[in-house]
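Shown next, in structure tokens, is the structure this report addresses.
Note that this is a predicted model, so its numbers are computed, not measured.
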Amino acid sequence: MLTDLESVFRSLKSELGLRPIYHRTEERVDGHLFITVLAYQFVQIIRKQLVEKGIHGRWQTLRDTLNGQQRITTSFKRADQLTLHVRKTTRAEPEQMKIYQALNLNSAPGGVKKMVV
């Protein structure tokens, strides 16, 4: 359990920029630590929900699995010389779909956004 805790905190520190702490007042350091503990709590809630659905794995593994899906923007030049920008989420892989379904999340958040410039 301690190894798992250390692993999650290490991950949070690097991804969320939770280290190093540059704050000079105790109040700001306390706020920084509160956010870190709150983020850890969210991680544990997510992992608990996944375990209940039969998905076991380290936080790093879950992150790596979900990391492959991205939001992309494609631009097209139209006949009227304006540019059409289309933004959408890439299709989720089967392993990603399992995680989204277990957490009851949309596998393509944000929908499709179109903008003409």
- prompt: Are Leu84 and Leu82 in one and the same hydrophobic cluster, where Ile, Leu, Val, Met, Phe, Trp and Tyr link if side-chain heavy atoms are under 4.5 Å apart?
  reply: yes
- prompt: In Å, rounded to the nearest 0.5 Å, how long is the span from CZ of Phe76 to NZ of Lys114?
  reply: 9.5 Å
message: I need the Asn67 CG to Leu62 CG distance, nearest 0.5 Å.
response: 12.0 Å
query: Roughly how far apart are Ile55 CD1 and Ile46 CD1, rounded to 0.5 Å?
result: 12.0 Å
query: Near Asn106 CG, under 6.0 Å, is it more than 12 heavy atoms from other residues, nucleotides or ligands?
result: yes
task: Working to the nearest 0.5 Å, report the span between CD of Gln70 and OG1 of Thr90.
output: 6.0 Å
query: Would a distance-only check, ignoring hydrogens and angles, find a side-chain to backbone donor-acceptor pair under 3.5 Å from Thr61 to Gly57?
result: no
query: Under 4.5 Å between side-chain heavy atoms, hopping through other hydrophobics if needed: is there a path connecting Leu50 to Leu66?
result: yes
task: Using salt bridge (Lys or Arg N to Asp or Glu O under 4.0 Å) as the criterion, list what pairs up with Lys113, not counting sequence neighbours.
output: none
task: Any chance you could measure Gln60, atom CD, to Asp64, atom CG, to the nearest 0.5 Å?
output: 4.5 Å
Which residues share a salt bridge (Lys or Arg N to Asp or Glu O under 4.0 Å) with Glu26, sequence neighbours left out: none
- prompt: Do Phe42 and Phe34 belong to the same hydrophobic cluster, where Ile, Leu, Val, Met, Phe, Trp and Tyr are linked whenever their side-chain heavy atoms lie under 4.5 Å apart, directly or via other members?
  reply: yes
side-chain hydrogen bond (donor to acceptor under 3.5 Å, both in side chains) involving Glu52 - partner list, sequence neighbours excluded: Lys48
Spatial distance of atom CD1 (Ile99) from atom CD (Gln69) [nearest 0.5 Å]: 10.5 Å
message: Do Trp59 and Leu103 sit in one hydrophobic cluster, given that two such residues count as connected whenever their side-chain heavy atoms are within less than 4.5 Å of each other, even indirectly?
response: yes
message: Between His85 and Ser75, is there a side-chain donor-acceptor contact under 3.5 Å, judged purely by atom types and distance?
response: yes
message: According to side-chain hydrogen bond (donor to acceptor under 3.5 Å, both in side chains), who are the partners of Thr89, at least two apart in sequence or on a separate chain?
response: Arg71
- line: With sequence neighbours left out, the residues meeting side-chain hydrogen bond (donor to acceptor under 3.5 Å, both in side chains) with Gln96 are none
- request: Give the C-alpha distance, both sets of side-chain angles, the deciding distance and a yes or no for side-chain contact (heavy atoms from CB on, under 4.5 Å) between Val116 and Arg78.
  value: CA-CA 9 Å; Val116 177; Arg78 296 181 355 166; 3.5 Å; yes
task: I would like to know whether Val86 and Val112 meet side-chain contact (heavy atoms from CB on, under 4.5 Å); could you show each step before the answer?
output: CA-CA 7 Å; Val86 180; Val112 177; 3.9 Å; yes
query: Are Val43 and Val51 joined in one hydrophobic group, where the rule is that I, L, V, M, F, W and Y side chains link up if heavy atoms are under 4.5 Å apart?
result: no
field: Pairs touching residues 91-109 that satisfy salt bridge (Lys or Arg N to Asp or Glu O under 4.0 Å), sequence neighbours left out
entry: Glu95-Lys98
